[in-house]
Amino acid sequence: RRFWTGEAVSGFGTYVALTYTSLPFGSQPLEEQRFVASLAHDDTDVRYLAVYDSSKRDVALSHVSGARPDGRDFELWAIEGDKPPVSLGVIPVGSSVHVALSEALGAAIDAGAVFAITTEPLGGSPSGEPTGPVVALGDLRDI
């Protein structure tokens, strides 16, 4: 009887090992990268702290100071090197908010990129390019 119990346990262990190692590559957990940026500008009192989590494609923003102008929205932009700014979306009103990114936008962000915040018409830039002044910006740093 002990023989059969041992064989059953051994067989189950083999099954679990084979099942785990045969999972498709895409179902493996992604390597998590987190970046942080302190966003500020000498000419304004707008201050944000941004944390980007690559595994969730999420930008967590803490609004530290500075009010958005009446009838305007804050919009978050990513700038990498000489490439044109890419809108990451309008920043929701609140002291601690999140901006979810598409897979394409998430893949484009890397350490060394710059996050910038502009003031835009309600709903965001009508052209897809920044139209208002930069009120805060900062470099993304790997943490």
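If you read the sequence from its start, that first residue is 1, and numbering goes on from there.
- S125 meets the side-chain hydrogen bond (donor to acceptor under 3.5 Å, both in side chains) test with S127; sequence neighbours excluded.
- Criterion: ILVMFWY side-chain heavy atoms under 4.5 Å apart, direct or through other members. Under it, F35 and L49 are not part of a common hydrophobic cluster.
- Residues T119 and V46 have side chains not in contact (no heavy-atom distance under 4.5 Å, counting atoms from C-beta outward).
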Can you give me every donor-acceptor pair (side chain of residues 87-95, partner residue at least two apart or in another chain, under 3.5 Å) with its distance?
residue: S87; atom: OG; partner: E75; partner atom: OE2; Å: 2.5
residue: S87; atom: OG; partner: G89; partner atom: N; Å: 3.2

Can you list, pair by pair, the side-chain donor-acceptor contacts under 3.5 Å of residues 128-143, counting residues two or more places apart and other chains?
residue: T131; atom: OG1; partner: E120; partner atom: OE1; Å: 2.2

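- Note on V59 and V114: separate hydrophobic clusters, where clusters join Ile, Leu, Val, Met, Phe, Trp and Tyr whose side-chain heavy atoms are under 4.5 Å apart, directly or indirectly.
- Grouping the Ile, Leu, Val, Met, Phe, Trp and Tyr side chains by contacts below 4.5 angstrom, directly or via other members, places W77 apart from F115.
- Closest non-hydrogen pair, R68 versus D73, comes out as NH1-OD1, 3.4 Å.
- In terms of the ring pair (Phe, Tyr, Trp, His ring centres under 6.0 Å) criterion, H41 has no residue partners (sequence neighbours excluded).
- Under a hydrophobic-cluster definition in which Ile, Leu, Val, Met, Phe, Trp and Tyr are linked whenever side-chain heavy atoms come within less than 4.5 Å, directly or via other members, L39 and I109 are assigned to the same cluster.
- By the side-chain hydrogen bond (donor to acceptor under 3.5 Å, both in side chains) test, S96 is found to be paired with no residue, residues two or more places apart in sequence or in another chain being considered.
- Heavy-atom minimum distance, A116 versus I79: CB-CD1, 4.1 Å.
- V97 and F74 fall within the same hydrophobic cluster, defined by Ile, Leu, Val, Met, Phe, Trp and Tyr side-chain heavy atoms under 4.5 Å apart, directly or through other members.
- In terms of modelled atom types and a separation under 3.5 Å, the side chain of Y52 and the main chain of G106 share a donor-acceptor contact.
- Within the structure, salt bridge (Lys or Arg N to Asp or Glu O under 4.0 Å) contacts touching residues 35-51 (residues at least two apart or in different chains) do not occur.
- Separating the NZ atom in K56 from the CG atom in L101 is a distance of 13.5 Å, to the nearest 0.5 Å.
- The two residues L61 and Y48 make their nearest non-hydrogen contact at CB-CD2, 4.0 Å.
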